[in-house]
Amino acid sequence: MSARRVTITGATGLLGPRVLAALQEQGTEVTVLTRAPERARSKLGSDVEAVRWDPLSEAAPERALAGRDALVHLAGEPVAQRWTSRAQTAIRESRVRGTANLVAGIEACAERPAALVHASGIGYYGARGDEPIDEDVAAGRDFLAGVCVEWEAEAARAGELGVRTVAVRTGVVLDAHGGALAKMLPPFRMGVGGPVAGGRQYIAWIHEQDYVGLLLAAIEGEQWRGPVNASAPEPVTNAVFSRELGRVLRRPAVLPVPGFAMRALYGEMASIITTGVRAVPAKALVLGYEFTHPQLPEALRSALGRD
Ligand SMILES: NC(=O)c1ccc[n+]([C@@H]2O[C@H](COP(=O)([O-])OP(=O)(O)OC[C@H]3O[C@@H](n4cnc5c(N)ncnc54)[C@H](OP(=O)(O)O)[C@@H]3O)[C@@H](O)[C@H]2O)c1
């Protein structure tokens, strides 16, 4: 049975509007928690209930939490930017303090929500070689891994309050309108794309429809609890990803991009691109989730509207 009432934070970003649309399509009543309600309504539709919340400074308001079947918590400062110390603080604080303030709101709530489904990232695992990484593998030790560990720990406090909690450790979401794929498109369209930093590192990708599908399954499924890798069953190396993207765009994709060039452009953040995680969605498969786009060539064609 579909959830009746769901609240989303971070609904105004890249993935939030897709989750919101899918929920509305199945008849779910959606509330949006946002720093800017006016902007949210103009982006998402004037009929959307948008409630102001500053995740850094206050507990989430009860009227947006009470009686909800689920909270979907996606809000956070974008990770894909140069990691200056100010950016690192914003990335960490928006997630760690933001999630603590969301859970403080849940704790104060007379009629607590039934579930908290929140974003995390496969960055949780840190840089890995070519071993398949399921949800039982321990956390990494770099900046992003540390953020994910703290972020998940704050969310897990909701579990102690009796709220079913799911940490969606998300890979690279294939969406032509934003995120990593949109950033890769210009050079690949010009025929100057290619494997990055040797190309042997893995990219754990997921089509945006499967990301939404998995999130809906996590909202509705009583058995969905704890960490869940949101990535397709067959992660590929950066070299294979580049080759397939070139094929779909019908452009050569053979110009190697050295790691130092990425580091010059993005600083420490380049590590997300120059190293990788071969994440596998072990938990989602055990729970019976069926991927709509399990193979990269078809998923890329679909995401780029070339099918
Ligand atoms: N896209 C991917 O491939 C990917 C991969 C791994 C993990 N994730 C995670 O999944 C979540 C959703 O991804 P997305 O790409 O849709 O995110 P996004 O577009 O970057 O942003 C989501 C929302 O977060 C809120 N936000 C932005 N900066 C903030 C700040 N400094 N403090 C508090 N809130 C802030 C904004 O909502 P308001 O302005 O309405 O408050 C924004 O619309 C994120 O937490 C992201 O880290 C995404």
Side-chain angles (χ1 to χ4, degrees), residues 7-21 30-44 48-58 60-61 64 71-81 83 86-102 116-125 143-145 147-148 150-152 154-155 166-184 203-212 214-215 218 227-232 235 269 272-273 276-277 279 299 303:
T7 291
I8 311 180
T9 79
T12 57
L14 174 66
L15 304 173
R18 295 188 179 283
V19 178
L20 181 131
V30 181
T31 305
V32 163
L33 274 174
T34 173
R35 296 167 303 168
E38 276 309 316
R39 188 160 44 81
R41 274 188 288 269
S42 72
K43 176 160 187 174
L44 303 170
V48 165
E49 188 193 19
V51 177
R52 186 184 308 279
W53 174 47
D54 177 2
L56 288 183
S57 65
E58 58 189 343
L71 307 181
V72 177
H73 180 39
L74 305 177
E77 172 77 12
V79 168
Q81 58 175 303
W83 289 347
R86 181 186 287 204
Q88 286 191 327
T89 303
I91 290 167
R92 179 187 288 112
E93 288 288 281
S94 61
R95 290 179 168 78
V96 179
R97 191 134 48 104
T99 304
N101 278 328
L102 183 65
L116 169 62
V117 176
H118 74 95
S120 179
I122 53 154
Y124 175 91
Y125 302 108
F143 163 69
L144 204 52
V147 170
C148 291
E150 288 184 68
W151 190 6
E152 291 189 14
E154 291 300 340
V166 188
V168 184
R169 292 181 183 157
T170 309
V172 173
V173 181
L174 300 186
D175 187 318
H177 299 102
L181 183 59
K183 284 199 174 74
M184 292 166 88
I203 297 183
W205 58 273
I206 183 167
H207 189 286
E208 46 89 2
Q209 285 171 2
D210 276 320
Y211 173 79
V212 172
L214 211 136
L215 226 65
V228 174
N229 287 348
S231 57
M269 194 280 280
I272 295 182
I273 307 154
V277 181

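All ligand and atom numbering here is 1-based and tracks the order in the structure.
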A.B. asks: Can you name the atoms of ligand 1, numbered from 1 with element, that are less than 4.0 Å from a heavy atom of R39?
C.D. replies: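 Heavy-atom distances to R39 below 4.0 Å select 39 (O).
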
A.B. asks: I'd like to check which ligand 1 atoms, numbered from 1 as shown, lie under 4.0 Å from a non-hydrogen atom of S120.
C.D. replies: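 Reading through ligand 1 atom by atom, the close ones are 7 (C).
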
A.B. asks: For ligand 1, which atoms have a heavy atom of L15 less than 4.0 angstrom away?
C.D. replies: 1 (N), 13 (O), 16 (O)

A.B. asks: Run the numbers for me: atoms of ligand 1, each under 4.0 Å from some heavy atom of R95, listed by number.
C.D. replies: 44 (C), 45 (O), 46 (C), 47 (O)

A.B. asks: Are any of the N/O atoms in V172 less than 3.5 Å from those in ligand 1?
C.D. replies: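 In this structure, V172 places no N or O atom under 3.5 Å from an N or O of ligand 1.
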
A.B. asks: Quick test of your reading of the model: are E152 and R169 salt-bridged, counting only N-O distances below 4.0 Å?
C.D. replies: yes

A.B. asks: Is the side chain of T9 donor-acceptor paired with the backbone N or O of A75 at a distance under 3.5 Å, no angle test?
C.D. replies: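 Yes, the answer is positive, given that a donor and an acceptor are paired below the 3.5 Å cut-off.
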
A.B. asks: Does G178 come within less than 4.0 Å of ligand 1, judged by its heavy atoms?
C.D. replies: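 Heavy atoms of G178 never come under 4.0 Å of ligand 1.
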
A.B. asks: What I want to check is whether the side chains of Y211 and R18 have a donor and an acceptor closer together than 3.5 Å.
C.D. replies: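 There is no such pair between these side chains.
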
A.B. asks: Would you kindly specify which portion of A90 sits under 4.0 Å from ligand 1, judged on non-hydrogen atoms: side chain, backbone, both or neither?
C.D. replies: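 It is neither part, as no heavy atom is under 4.0 Å.
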
A.B. asks: Return yes if some donor-acceptor pair links the side-chain N/O of T170 with the main-chain N/O of V168 below 3.5 Å, else return no.
C.D. replies: yes

A.B. asks: Between S94, G16, C148, A75, flag the one that comes closest to atom 32 (N) of ligand 1 by a heavy atom.
C.D. replies: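 Nearest heavy atom to atom 32 (N) of ligand 1 lies in S94.
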
A.B. asks: Within a distance under 4.0 Å of any heavy atom of V173, pick out the atoms of ligand 1 and give their elements.
C.D. replies: 2 (C), 3 (O)

A.B. asks: What is the closest protein heavy atom to atom 24 (O) of ligand 1, and at what distance does it sit?
C.D. replies: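 The protein heavy atom lying closest is G76 N, 3.1 Å.
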
A.B. asks: With side-chain contact (heavy atoms from CB on, under 4.5 Å) as the test, would you mind laying out the steps for V79 and I272 before giving the verdict?
C.D. replies: CA-CA 10 Å; V79 168; I272 295 182; 3.8 Å; yes

A.B. asks: Would you mind listing which atoms of ligand 1 come within a distance below 4.0 Å of any non-hydrogen atom of T34?
C.D. replies: 38 (P), 40 (O), 41 (O)

A.B. asks: Among protein heavy atoms, which sits nearest to atom 39 (O) of ligand 1, and what does the distance come to when rounded to 0.1 Å?
C.D. replies: R35 NH2, 2.9 Å

A.B. asks: For ligand 1, which atoms, with element, lie under 4.0 Å from some heavy atom of L74?
C.D. replies: 11 (C), 12 (C), 44 (C), 45 (O)

A.B. asks: Determine whether the side chain, the backbone, both or neither of W151 has a heavy atom under 4.0 Å from any heavy atom of ligand 1.
C.D. replies: side chain

A.B. asks: Apply side-chain contact (heavy atoms from CB on, under 4.5 Å) to L214 and I206, showing your working.
C.D. replies: CA-CA 10 Å; L214 211 136; I206 183 167; 4.3 Å; yes

A.B. asks: Among all protein non-hydrogen atoms, which one is nearest to atom 20 (O) of ligand 1, and what is the separation to 0.1 Å?
C.D. replies: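 That would be P78 CG, 3.9 Å.
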
A.B. asks: Considering only protein heavy atoms, which is closest to atom 31 (N) of ligand 1, and at what distance to one decimal place?
C.D. replies: E77 OE1, 2.8 Å

